[in-house]
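One structure is given here, and the rest of the page talks about it.
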Amino acid sequence: MSLAPLYVTRPSLPPFEEFEPLLREVWASARVANGGPFHKRLEAELAAYLDVPHVSLFANGTLALLVALRALGVDGEVITTPYSFVATSHVLRWSGCTPVFADIDAHSFGLDPVAVEAAITPRTRAILPVHVYGRPCDTGALEMLADARGLRLIYDAAHAFGVRTNGGNLLRSGHLSVMSFHATKVFHTFEGGAIVCHDRAMKEKVDLLKNFGFKGETEVIETGINAKMNEFQAAFGCHLLGRIDGEIAARAEIAQRYREGLAGISGVELPADMAGVARPNHAYFPIFVKAAFPLDRDGLYRHLREHEIYARRYFHPLISDFSMYRNASGAAHLPFARAAADAVLCLPIFAGMTAGDCERVVGAVRAAAARAPKVAASDRVVPRAASAAT
Ligand code: T4K
């Protein structure tokens with residue numbers, strides 16, 4: 001009997017009939033783009049939900065990052081992480097900036113402030129860290145560093161929707177935070193993104209930049225771009241936002257089942273909970289496959305695929321290993337990032353996953369764990385040293 005494929009994630013899509021009235025409302029209004037009523041409503045509702053002063057919606061997170069850099073006038077060198085989705089570095093190159101890689105710390109998987117400080121040169125203008133998997137970076141240390149050295153601090157918060165911390169709001173750190181609302185994210189608008197702004201002046205600037213730089217009907221005052229979210233996406237966002245706490249709670253249940261099911265497997269490490277996080281968002285469920293496991297990480301990845309379980313190696317290869325970044329400053333020495341990239345496997349997690357799905361994944365990992373060390377997987381096992389980057 002063939003099993004249904006189990007993907008690393010599935011977008012939350014509430015029953016279509018529930019969304020249909022909003023869809024009809026947009027259709028009937030004939031206001032489908034350029035800051036219509038749902039766009040305004042979602043910005044306001046997100047600002048309230050996330051407890052931030054202002055939110056500006058975008059067509060996707062990548063464009064939002066580009067606009068954030070432009071809004072802060074960032075040029076020169078920008079210190080960033082190699083352990084992320086490639087968009088984090090690409091936006092720097094698209095903006096004419098020079099990415100400089102610094103290592104991550106092995107707990108948060110975010111930029112290590114000590115490594116960042118060591119990478120600062122007279123040409124450094126900004127720091128672009130990522131809250132990987134929704135795990136907060138050391139925002140206090142990064143903020144102190146940025147302040148002391150007069151640097152812009154822009155957070156790639158693509159994974160951080162709905163994370164609640166004890167004291168202080170993650171999205172209020174730094175100069176700007178940028179979110180992704182891609183279908184693979186905890187909260188999504190199919191494609192989409194947002195910039196969190198701390199004051200009205202910045203919100204106005206960002207709004208202007210995402211709309212070609214128009215101020216009013218006939219004046220253009222910035223070299224803007226078209227990065228606006230449309231009304232269908234915004235309407236869907238309003239709908240999903242009403243259910244988001246339930247979605248995150250469902251993910252928390254899956255995460256707990258995984259933790260119980262995977263406990264005690266030699267060679268499978270789970271990241272420790274982060275102190276100071278009152279509510280994680282369970283955006284991803286990374287495990288780290290270490291030497292004590294009978295298969296290497298790629299062996300387990302393939303073993304799961306044979307069982308129609310499509311785990312993903314987020315983030316392998318490191319961005320600094322892609323050909324266009326290999327010669328970037330800092331790319332040669334990133335030991336913690338490399339160790340994480342070589343061992344990580346993100347297991348399926350999404351709100352619609354059942355307990356049975358979870359058992360299926362745990363069962364497949366346990367079956368692999370029961371194999372004789374480095375033998376049973378025969379020719380499917382790539383020896384550790386020869387593991388191919390894919
Ligand atoms: N910064 C960070 C740290 C990011 O992670 C990202 C995006 C960005 C910036 C840029 O934000 P955006 O411009 O994308 O808003 C995915 C996403 O495309 C990407 O948004 C995300 N990060 C990245 C981590 O993952 P892929 O190439 O791995 O996605 P894909 O198409 O292989 O999808 C993964 C699985 O999800 C599929 O196997 C099946 C499932 N899926 C996916 C889609 C799109 C569905 O079931 N339905 C769907 O519609 O990049």
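Numbers for residues simply follow the sequence, beginning at 1. Whatever order the structure lists ligands and atoms in, that order sets their numbers, starting from 1.
- If you check which protein heavy atom lies closest to atom 16 (C) of ligand 1, you get Thr184 OG1, 4.0 Å.
- Under the ring-ring contact (aromatic ring centres under 6.0 Å, His included) rule, His159 has a single partner from Tyr284, Phe85, Tyr314, which is Tyr284.
- Here the options are Leu111, Thr81, Ile154, the test is side chain to side chain contact (heavy atoms under 4.5 Å, CB included), and the partner is Pro129; only Leu111 passes.
- Atom numbering of ligand 1 starts at 1 in the shown order; those under 4.0 Å from a heavy atom of Gly192 are 15 (O).
- Distance from atom 30 (P) of ligand 1 to its nearest protein heavy atom, with residue and atom name: Arg312 NH1, 4.0 Å.
- Residue Phe336 qualifies as open at atom CZ: its count of foreign heavy atoms under 6.0 Å is 12 or below.
- Taking the six-membered ring for Trp and the full ring otherwise, Phe236 and His188 have centroids separated by under 6.0 Å.
- Close approach of ligand 1 to Ser180 (heavy-atom distance below 4.0 Å) involves ligand atoms 11 (O), 12 (P), 15 (O).
- For ligand 1, the atoms closer than 4.0 angstrom to any heavy atom of Ser84 are 3 (C).
- Looking only at heavy atoms of the protein, atom 38 (O) of ligand 1 is closest to Tyr7 CD2, 3.6 Å.
- Inside a 4.0 Å radius of atom 20 (O) of ligand 1 there is at least one protein heavy atom.
- Residue-ligand proximity: Glu191 is placed with every non-hydrogen atom at 4.0 Å or more from ligand 1.
- Residue Asn60 has at least one heavy-atom neighbour below 4.0 Å for each of these atoms of ligand 1: 13 (O), 15 (O).
- In this model, no donor atom of one side chain and acceptor atom of the other lie less than 3.5 Å apart for Ser329 and Glu77.
- Looking from atom 46 (O) of ligand 1 to the surrounding protein, the closest heavy atom is Arg10 NH1, 2.4 Å.
- Between Tyr325 and His90, the ring centre distance stays below 6.0 Å.
- Considering only heavy atoms from C-beta on, Asp321 comes within 4.5 Å of Arg338 through its side chain.
- Not one N or O of Leu65 is nearer than 3.5 Å to an N or O of ligand 1, by distance alone.
- The closest protein non-hydrogen atom to atom 35 (C) of ligand 1 is Val8 CG1, 3.8 Å.
- Within ligand 1, counting atoms from 1 as listed, the ones closer than 4.0 Å to a heavy atom of Ala158 are 1 (N), 2 (C), 3 (C), 4 (C), 9 (C).
- In the model, Arg297 has no side-chain atom that pairs as donor or acceptor with a side-chain atom of Tyr301 under 3.5 Å.
- Residue contacts with ligand 1: Thr62 is placed with a nitrogen or oxygen under 3.5 Å of a nitrogen or oxygen of the ligand (distance criterion only).
- Protein heavy atom at the shortest distance from atom 48 (C) of ligand 1 is Pro11 CG, 4.0 Å.
- Other residues, nucleotides and ligands place no more than 12 heavy atoms under 6.0 Å from the CZ atom of Arg24.
- Using a 4.0 Å heavy-atom cutoff, Tyr310 is absent from the residues neighbouring ligand 1.
- Thr9 O, 4.1 Å is the protein heavy atom nearest to atom 41 (N) of ligand 1.
- Proximity of Tyr284 to ligand 1 is established by a heavy-atom distance of less than 4.0 Å.
- Residue nearest to atom 29 (O) of ligand 1, selected from Tyr314, Phe58, Phe85, Phe190: Tyr314 (by heavy-atom distance).
- Aromatic pair Phe288/Phe109: ring centres closer than 6.0 Å.
- At a threshold of 4.5 Å between non-hydrogen side-chain atoms, the residues Met324 and Arg93 count as touching.
- In this structure, Arg312 is not positioned above the aromatic face of Phe285 in the sense of NZ or CZ being under 6.0 Å from the six-membered ring centre and within 45° of the axis.
- Counting only non-hydrogen atoms, the option in Lys185, His131, His90, His182 that gets closest to atom 22 (N) of ligand 1 is Lys185.
- Ligand 1 places these atoms under 4.0 Å from at least one heavy atom of Val130: 3 (C).
- Transitive grouping of hydrophobic side chains (ILVMFWY, heavy atoms separated by less than 4.5 Å) keeps Val52 and Val206 in distinct clusters.
- When hydrophobic clusters are built by joining Ile, Leu, Val, Met, Phe, Trp and Tyr residues whose side-chain heavy atoms come closer than 4.5 Å, directly or via intermediates, Ile195 is grouped together with Ile225.
- Per-residue contacts place Ala87 under 4.0 angstrom from the following atoms of ligand 1 (heavy atoms of the residue considered): 8 (C), 9 (C), 10 (C).
- With a 4.0 Å cut-off on non-hydrogen atoms, Asp156 touches ligand 1 through its side chain and not its backbone.
- Note on ligand 1: Ala64 sits outside its first shell, no heavy atom being nearer than 4.0 Å.
- Clustering ILVMFWY residues whenever any of their side-chain heavy atoms sit less than 4.5 angstrom apart, transitively, puts Tyr310 in a cluster other than the one holding Ile349.
- His159 NE2, 2.8 Å is the protein heavy atom nearest to atom 5 (O) of ligand 1.
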